[in-house]
Amino acid sequence: TEIGKISVAINRSAATVRKTPIQKKLTRLGLWLVVLALALCAVIVICGVSWGRKFVPIFITGISLAVSVIPEGLVAVTTVTMALGVRRMARRKALMRTLPAVETLGGVTVICSDKTGTLTEGKMGVSELVDANGMLFEVSKSTSRDPGEGEVTYRGHVGSSSSTQLAQDAAKHSTAAADMAFVASAMCNNAEVFYDEAAAQWGSLGDATEVALAIAAQKAGVRKADVAGPLELLAENAFDSDRKRMSVVFAAGDGAAAAGKRCVVTFAKGAPEEILSVCTHQLAGAGGFLRQGHAAETAADAARSLERDAVPLTPALTQAAGAACEQMAARGLRVLGMAAKVSYLDADAPATAEALGLAWAESQLVFAGLVGLIDPPRTGIVESVQRCHDAGIKVIMITGDHIGTASAIAASIGIVRADRASTQRAISGAELDLLSDEATALLDPFPSVFARVSPENKIKIVRALQQGGHIVAMTGDGVNDAAAVKGADIGVAMGLGGTDITKQAADMVLMDDNFSTIVAAVEEGRRIFDNILKFILYLLSCNSAEIILFLYAAVLNLDLPFTTIMILWANIIADVPPSLSLGMDPAERDIMRRPPRNPRSGVLTRRTTLVLTVQAFFMATVTFAVFLAGVLTPFGRLALRDAGSGSDAYVASIFHQGDPEANADDNQTPHIAGARSAAFGVLTVLQLNQAFLSRSVDASVFRTGIRANPWMVGAVLLSFGLYVLGVYVPGLNDWLELAPLGWRAWLVMLGAVVLQVAFSELTKLVLRVAARRRQRGTNEEEQQFYGQNQ
């Protein structure tokens, strides 16, 4: 069954469990951090043991440092950051159904979007009709839902040759072919147009295309409820993506046929090429048959016109109809073909849908004309598509429309651009059916427009893009779209016009069915990944600084700069509050003016790893210098609030010359305690200041500012307050093994922060200069990967 086919397709798409990009990257990062922590622990222990220290005390210190390397808050911060992103997206009309998909949106490289209702308003209206003889009729106020607004007006002939009498009759009223097209529009239709008394406005029920056809027919004077009164519906052959047609069969009244016969009228609509393929005649009569006030006789009048005015459909006439269709499509109109036929069956013959059959209903039809529907682009869609181009995201339009219509609309909203040859390729579903998945993936450039597609085509497009290494967002609304939505990296369902099964298969539901909402969600996804990266850079640079600091001491066999409890206290006050606040950092100004992240790269690239390492070495070196000053000079004692007087044997205890079995934490001579407390204070303020510096990898802190994220200001103040309490509160400072510091130590801390800002600004300046040089020369790795998207 068809439902079974859809179920199989969805299950096949769900059978391949794919981790999201952030899951893959954090998994790799976690493995590297575990290996790094074990290696550093081993180095510290080996250095200590080689200098003659007891294994157990130095092993405990190594374990505490190894633990500090692991960003234990990563999972919590990542989850909180994504959860906050879900709230922000919901405010912007994007409802996320899976949490990891929030970040995946930020890595999207291709957005495959339906046209109707997503790129366009979905408020269709018939703007013109070209009858079988090439007569052009214009429907005014086409998008108005009020059938009483607007009228049908003759505008001339689309070709170069026409009958003078035909043109005169058309100017007076209409033609038989135009009337038949309007009747077919009304009868081959399941939509309803009604006036809502409660809302005091016109409403509709049904497919947007059929609603537009019903309104246009009423403007021409044809109302289905009036015409269908004396008729009996015998069969309805619903539209499907294979036939691209719909047909209905009605039995007319007994008076419409000779004795012993039954008059049967068939109306059909669909893709022009599919309608023409089942037509053998066309209507060529001059005068129209619609009579005002005789709606009940419309079907009989139509039957007589089909008998009287039908002429064979020659190849030349078919070619003329095809040319008219191309012209209408080039103007961005969605074109439908209209046809009908009259048949006389034996009165006692069975006249059911099964007996008549689809093949009989859709054969030997009489072509009536072409209907052109306009669907205005959504407000702001051009700007949204341009934002995608600026962000390096390829936008692909997928539609069931004629390829000419699709290309014209794509060009009008900026998907197809004259200045970029890579965006100008369009392909039809029939052409796509001839290509294998591998051949589709190798299309270069990859098409920006897919027309006349089937649900199976959508699945093939997703697979081809994924084979090329892209992260794909696919929109869908119908039941048949569920498989493609499920198979995409980000499945996007329509909240207003989508089916429940598609919503359940999707990762994101658009509450306004608007393409601009997808772009806003991508921006939010990029912000989330940026904030996760900022957190990782901040935490790893701070924790690495502690490790490097202890490596300095271990290699030189110095007293350890911090005691074990100091390390744990530093991880509590300097890691948790600032890192959480980084998860709420606002988006950077250029977030949608840079290419997407390369899916193959990890969380940390060579560039970010270099920045992290440089910052860690700076903080460790400055802190180690302060510690050395404390143990080599009287500063260790003078840094204390109660410096006192007298000499201290600080030089003699620079190196660990005491009992090798003793724990280094036990060395609490005044100058060592002062050196550790001063060094701890310096590292703490450097780490807290690093939170502000981590808000951008290469942008100046004077550009990003410190007030843009009030949560960070509060978090840093909280951490700093906890540090002050740990230093000056009696009892607590004894437990933390911290000594109260004097004004000299605070001056040193201030100088360290100033030096850190200067060093960070110099580093970021070098990064910006290097980036500009790479742009002028060869493209960066990410730009090479995404070059085809531009």
Inset, instruction - First locate atom OG of Ser454, then atom CD1 of Ile398, and finally report the distance between them rounded to the nearest 0.5 Å. - result: 10.5 Å

Legend entry - Close side-chain approach of Asn531 and Met584, heavy atoms under 4.5 Å: no

Legend entry - Stepwise side-chain contact (heavy atoms from CB on, under 4.5 Å) test for Asp477 and Asp481: CA-CA 6 Å; Asp477 51 10; Asp481 295 333; 3.1 Å; yes

Inset, instruction - Over all heavy atoms of both residues, which pair between Leu370 and Cys325 is shortest? Give the atoms and the distance, please. - result: CD1-N, 3.7 Å

Inset, instruction - Check step by step if salt bridge (Lys or Arg N to Asp or Glu O under 4.0 Å) holds for Lys269 and Glu210. - result: CA-CA 10 Å; Lys269 73 170 187 287; Glu210 293 196 335; 3.0 Å; yes

Legend entry - Polar side-chain atom of Asp489 near backbone of Val472 as donor-acceptor pair, under 3.5 Å: yes

Legend entry - With Lys244 via salt bridge (charged side-chain N to carboxylate O under 4.0 Å, His left out) - residues at least two apart: none

Inset, instruction - Applying side-chain contact (heavy atoms from CB on, under 4.5 Å), name anything that partners Asp433, two or more places apart in sequence or on another chain. - result: Asn457

Inset, instruction - Please check if any side-chain donor atom of Ser127 sits under 3.5 Å from a side-chain acceptor atom of Ser142, or the reverse. - result: no

Inset, instruction - Answer yes or no: is there a donor N or O on one side and an acceptor on the other, between the side chain of Asp698 and the main chain of Leu767, under 3.5 Å? - result: no

Legend entry - Gln424 side-chain N/O to Ala418 backbone N/O, donor-acceptor pair under 3.5 Å: yes

Legend entry - Short side-chain to backbone donor-acceptor contact, Ser144 and Lys141, under 3.5 Å: no

Legend entry - Arg378 side chain to Gly117 backbone, donor-acceptor under 3.5 Å: yes

Legend entry - Residue pair Pro377 / Val382, side-chain heavy-atom distance below 4.5 Å: no

Inset, instruction - Please identify each residue that fulfils side-chain contact (heavy atoms from CB on, under 4.5 Å) with Glu431, with sequence neighbours left out. - result: Ile427, Ser428

Legend entry - Ser204 OG to Ile215 CD1 distance, which is reported to the nearest 0.5 Å: 6.5 Å

Legend entry - Expected output: side-chain Lys460 to main-chain Leu432 donor-acceptor under 3.5 Å: yes

Legend entry - Partners passing side-chain contact (heavy atoms from CB on, under 4.5 Å) against Thr209 (at least two apart in sequence or in another chain): Met124, Asp207, Leu213, Arg334, Leu336, Leu373

Inset, instruction - Only pairs at least two apart or in different chains count here, so list each side-chain hydrogen bond (donor to acceptor under 3.5 Å, both in side chains) that has a residue in residues 494-506. - result: Thr499-Thr502

Inset, instruction - State which residues pass side-chain hydrogen bond (donor to acceptor under 3.5 Å, both in side chains) with Ser448; sequence neighbours excluded, sorted by chain then number. - result: Lys394

Legend entry - Side-chain heavy-atom pair Leu119, Ile413 within 4.5 angstrom cut-off: yes

Legend entry - Non-neighbouring partners of Asp114 that pass salt bridge (charged side-chain N to carboxylate O under 4.0 Å, His left out), sequence neighbours left out: Lys458

Legend entry - Carboxylate-amine/guanidinium proximity below 4.0 Å for Arg245 and Asp240: no

Legend entry - Pairwise distance CG(Asp512) to CG(Leu95) - rounded to 0.5 angstrom: 11.5 Å

Inset, instruction - Would you check if Ile490 and Val108 make a side-chain contact, meaning some heavy-atom pair closer than 4.5 Å? - result: yes

Legend entry - Non-neighbouring partners of Asp419 that pass salt bridge (charged side-chain N to carboxylate O under 4.0 Å, His left out), sequence neighbours left out: Arg417

Inset, instruction - Taking the side chain as every heavy atom from C-beta outward, state whether Phe450 and Ile403 have any pair of such atoms under 4.5 Å apart. - result: no

Atom pairs and distances, side-chain donor-acceptor, residues 82-92, under 3.5 Å, sequence neighbours left out:
| residue | atom | partner | partner atom | Å |
| --- | --- | --- | --- | --- |
| Arg88 | NE | Glu524 | OE2 | 2.5 |
| Arg88 | NH2 | Glu524 | OE2 | 2.8 |

Legend entry - Arg97 (side chain) donor-acceptor with Met508 (main chain) under 3.5 angstrom: no

Legend entry - Distance-minimising heavy-atom pair for Phe692 and Val701: O-CG2, 4.1 Å

Inset, instruction - With rounding to the nearest 0.5 Å, note down the distance linking CD1 in Ile381 to OG1 in Thr120. - result: 9.0 Å

Legend entry - Interatomic distance, Ile396 atom CD1 to Thr423 atom OG1 [nearest 0.5 angstrom]: 11.5 Å

Inset, instruction - Report yes or no: does Ser407 contribute a side-chain atom to a donor-acceptor pair with the main-chain N or O of Gly404 at less than 3.5 Å? - result: no

Inset, instruction - Would you please name every residue forming a salt bridge (charged side-chain N to carboxylate O under 4.0 Å, His left out) with Arg594, sequence neighbours left out? - result: Asp530, Asp590

Inset, instruction - Step through the shown structure and confirm whether more than 12 heavy atoms of other residues, nucleotides or ligands are within 6.0 Å of CH2 on Trp202. - result: yes

Legend entry - From CD1 (Ile461) to CZ (Phe446), nearest 0.5 Å: 6.0 Å

Inset, instruction - Ignoring hydrogens and angles, tell me if any N or O in the side chain of Arg425 forms a donor-acceptor pair with the backbone of Pro445 under 3.5 Å. - result: yes

Legend entry - Minimal non-hydrogen separation, Gly150 against Ser140, with atom names: CA-OG, 3.1 Å

Legend entry - Beyond-backbone contact of Met397 with Cys112, side-chain heavy atoms, under 4.5 angstrom: no

Legend entry - Residue pairs, two or more places apart or on separate chains, that pass salt bridge (charged side-chain N to carboxylate O under 4.0 Å, His left out) and touch residues 119-130: Glu128-Arg331

Inset, instruction - Determine the minimum heavy-atom distance between Val449 and Ala410, stating which atoms define it. - result: CG2-CB, 3.6 Å

Inset, instruction - With sequence neighbours left out, write down each residue that passes side-chain hydrogen bond (donor to acceptor under 3.5 Å, both in side chains) with Glu383, or none if nothing qualifies. - result: none

Inset, instruction - Give a yes or no answer on whether the side chain of Ser694 reaches the backbone of Lys534 with a donor-acceptor pair at less than 3.5 Å. - result: no

Legend entry - Residues Lys115, Asp401: salt bridge by 4.0 Å N-O rule: yes

Legend entry - Arg695 and Asp585: CA distance, side-chain angles, deciding distance, salt bridge (Lys or Arg N to Asp or Glu O under 4.0 Å) verdict: CA-CA 8 Å; Arg695 293 189 57 222; Asp585 210 40; 2.7 Å; yes

Inset, instruction - Answer yes when Glu523 and Arg387 have at least one side-chain N-carboxylate O distance shorter than 4.0 Å, and no when they do not. - result: yes

Inset, instruction - Classify the side-chain pair Thr78/Thr81 by whether it contains a donor and acceptor separated by less than 3.5 Å. - result: no

Legend entry - Shortest non-hydrogen separation from Arg452 to Pro272 and the atoms involved: NH2-CD, 3.5 Å

Legend entry - Leu129 side chain near Val139 side chain, heavy-atom distance below 4.5 Å: no

Legend entry - Met494 to Thr475 - nearest heavy-atom pair and separation: CE-CB, 3.9 Å

Legend entry - Donor-acceptor side-chain pairing of His402 and Glu326 below 3.5 angstrom: yes

Legend entry - Close side-chain approach of Lys93 to Asn514, heavy-atom, < 4.5 Å: no

